[in-house]
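To keep things clear, I will list the structure first and then write my remarks on it.
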Amino acid sequence: MSADLRTPRVAIIGAGMSGVGMAAKLKMAGIESFHLYEQWTGFGGTWQANTYPGLSCDVPSRYYQYTFAPNPDWSHVFSPGREIWEYINKVADDYGLRERTSFSTKVLDAEWLTDHWKLRSDDGREEDYDFIVTAAGGLVHTRKPDISGLDSFAGAAFHSAEWDHSVPLEDRRIGVIGTGSTGMQITRALAPVAGHYELYQRTPQWVFPLGNRRYSRLTRWVLRRFPALNMVLYRAHQRALEGSFATAPVNDGFWRWFIQALCRLNLRLIRDPELRRRFTPKDEPMCKRLVIGSGFYKLFERPNVELVDAGIDHVEPRGIVTTDGQLHELDVIVLATGFNAHDFVRPVELIGPDGLRLSQVWDEEPFAYRSVALPGFPNVLMLIGPHSPFGNQSLFAISENQQDFALQLIDEWRRGALDAIAPTMEATERFNRELHDAAKDTVWASGCKSWYIGKDGLPHAFPWVPERHRELLRAREPEDWEQIPVGSASA
Ligand code: NAP
């Protein structure tokens, strides 16, 4: 390393997919002065927390991976969750990240002290950093429904992201609440093994039919033997996904029509007209995050599988009582009820210059400049923060765009080109105005309740094609940023 480069001290909050990627890229850039903080016991983030039966990713593995660590050994087109978790762990170990990570450690807050951040964690440590990279994930804080009597249930009840593996499932009476991607995947895994299986549906969801395929040993051998092919396949999958599923929600063109038509055709596979009616959503396909998978509706032809669409009134020790007065006796209740998807970075508090607090700034709704930074908080960079391109696309790829942008800024600091920098409020407001204008034309705004929608009733996900996200983060636009005078401490 050149002697006239400064050494940036970087804290990475979260050692999931984003945090591991960021740390690996810092290492590749010759920066060793970073530390990862992880609240859970291992690497992997959402893939560490979620272990429910049937967990897999509905984004193809060839594209759901780091560009710098292509894996020739994916078992399936859509690989199981455990395999993705193992992959992230392997990358973390390959880059020697274990000794740079504090596991089971929660960051409490970070405070700006004249020219650096002081970060406090719940292990009692206080460390100084020049940069904070938040990589705390988007779907972390479980959303548990406020159903009266749930605590009184005599069987086992847990959220899908807090699976209790000590609970036997075979031949049991299982009730799953929620019909999002998680509820659908759990249904496919458990309906065939349960004694009696009930899926509690509040709002019907569209399901896009897509099968999964195992990769042959020959394919894996070829990809190990000719590693360059891995990147060819990555780009091919990227092109295919970006041109279709990632574009359809934001552009009203062929792909939106095609995906919606296939969802409608899939529904027609339900032979019983009454069951089909009960499964028919009122909103447009893709307004809520599209559920992807095959064989879902067919399961409801089994005698042990039931769709319950009467509302849940309360839970009593023996099971769920629906609003029609019926008691559904159960041994296990699973809450596949999703996440508080707008609780980015929380509960970590950031206290910027002049005492500006993140919790106050984001009191109404989290917002960001181009999904990566915040006015008033110098040298804070966010991965998978507000307005990131969520939806049916690869968060690995999105996060890598953001990691590369973070690396640019850290590199500028390293070369002495900046000390403390944040986007201006003017540039951030401009970006948010453009975003909200464009959001009105997306399918997410077509009239449904979903986690894309903020408290203001508007979709907050990135409303343009993925290429636009790359363009916005290709290079820092100097006029959108302001140097924060070093010496301005928090009040
Ligand atoms: P979700 O999409 O938010 O779905 C939550 C479900 O729970 C909805 O059906 C919701 O009904 C229902 N629900 C919530 N509260 C309820 C209540 N009080 N009573 C009855 N029903 C209630 O959550 P998710 O399925 O966990 O998925 C979250 C996100 O994780 C997905 O959108 C996706 O981005 C990601 N994910 C991805 C994969 C993958 O393969 N890549 C797999 C799983 C999850 P309403 O619709 O009426 O609100």
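Just so you know, these numbers use all the heavy atoms, side chains as well, and skip hydrogens, waters and symmetry mates. We're numbering straight along the sequence, starting at 1. As the structure lists them, so they are numbered: ligands from 1, and atoms in each ligand from 1.
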### Protein residue, atom and distance nearest to atom 18 (N) of ligand 1, heavy-atom basis
Pro145 CB, 3.2 Å
### Message
Please determine whether any non-hydrogen atom of Thr179 lies less than 4.0 Å from an atom of ligand 1.
### Response
yes
## Note on the structure
Here the atoms of ligand 1 under 4.0 Å from any heavy atom belonging to Cys57 are 40 (O), 41 (N)
### Query
Salt bridge check: are Glu162 and Lys144 linked by an N-O gap of less than 4.0 Å?
yes
### Min heavy-atom dist Trp451 to ligand 1 below 4.0 Å
yes
#### Entry: Heavy-atom nearest neighbour of atom 15 (N) of ligand 1 within options His159, Gln185, Arg202
Arg202
### Message
So, applying ring pair (Phe, Tyr, Trp, His ring centres under 6.0 Å) with Phe245, which one of Phe390, Tyr63, Phe208, Phe258 is it?
### Response
Phe208
### Message
Could you check whether atom CD of Glu274 has more than 12 heavy atoms from other residues, nucleotides or ligands sitting under 6.0 Å from it?
### Response
yes
### Task
Please step through side chain to side chain contact (heavy atoms under 4.5 Å, CB included) for the pair Leu335 and Ile333, ending with a clear verdict.
CA-CA 7 Å; Leu335 309 173; Ile333 296 176; 4.2 Å; yes
### Task
May I ask whether Tyr452 has any heavy atom positioned less than 4.0 angstrom from an atom of ligand 1?
no
### Message
Check for me whether Arg143 has a heavy atom closer than 4.0 Å to any atom of ligand 1.
### Response
yes
### Task
Name the option, out of Gly338, Gly183, Ala336, that contains the heavy atom nearest to atom 6 (C) of ligand 1.
Ala336
## Note on the structure
Checking heavy atoms under 4.0 Å, the part of Phe339 that sits near ligand 1 is side chain
### Message
Give me the nearest non-hydrogen protein atom to atom 47 (O) of ligand 1 as residue plus atom name, then the distance to 0.1 Å.
### Response
Thr203 OG1, 2.4 Å
### Task
Specify the protein heavy atom at minimum distance from atom 38 (C) of ligand 1: its residue, its atom name, and the distance to 0.1 Å.
Ser181 CB, 4.1 Å
### Query
Under 6.0 Å from the six-membered ring centre of Tyr215 and within 45° of its axis: does the NZ or CZ of Arg62 meet both?
yes
### Task
Using a strict 4.0 Å threshold on nitrogen-to-oxygen distance, state whether Arg278 and Asp309 make a salt bridge.
yes
### Message
So for atom CZ, which belongs to Arg302, do other residues, nucleotides or ligands contribute more than 12 heavy atoms lying within a distance under 6.0 Å?
### Response
yes
### Query
Where on Ser56 is there a heavy atom closer than 4.0 Å to ligand 1, on the side chain, on the backbone, on both, or on neither?
backbone
#### Entry: Test of proximity, Arg289 against ligand 1: N or O pairs below 3.5 Å
yes
### Message
Looking at non-hydrogen atoms alone, which of Thr142, Asp58, Ile177 comes nearest to atom 41 (N) of ligand 1?
### Response
Asp58
### Query
Which ligand 1 atoms, with their elements, are less than 4.0 angstrom from a heavy-atom of Leu139?
29 (C), 30 (O), 34 (O), 35 (C)
### Aromatic contact, Phe396 with Tyr66 (centres under 6.0 Å)
yes
## Note on the structure
Near Tyr52 (heavy-atom distance under 4.0 Å), the atoms of ligand 1 are 42 (C), 43 (C)
### Message
Please determine whether any non-hydrogen atom of Lys288 lies less than 4.0 Å from an atom of ligand 1.
### Response
yes
### Task
Verify whether the ring centers belonging to Tyr95 and Phe68 lie closer than 6.0 Å.
yes
### Query
For atom 2 (O) of ligand 1, what is the nearest protein heavy atom, given as residue, atom name and distance?
Gly180 CA, 3.9 Å
### Message
For Arg224, is there an ion pair with Asp73 - N to carboxylate O distance below 4.0 angstrom?
### Response
yes
### Query
Which atoms of ligand 1 are found less than 4.0 Å from any heavy atom of Gly178?
6 (C), 7 (O), 9 (O), 12 (C)
### Message
Suppose we measure from atom 27 (O) of ligand 1 to each protein heavy atom; which comes out shortest, and what is that distance?
### Response
Thr182 OG1, 3.7 Å
### Query
Has Arg214 got its NZ or CZ under 6.0 Å from the middle of the six-membered ring of Trp74, at an angle within 45 degrees of the ring axis?
no
### More than 12 heavy atoms from other groups under 6.0 Å of NZ on Lys106
no
### Task
Could you see which bit of Tyr64 sits under 4.0 Å from ligand 1, with heavy atoms only: side chain, backbone, both or neither?
neither
#### Entry: Step-by-step ring-ring contact (aromatic ring centres under 6.0 Å, His included) determination, Phe339 to His159
CA-CA 10 Å; Phe339 302 85; His159 190 276; 5.5 Å; yes
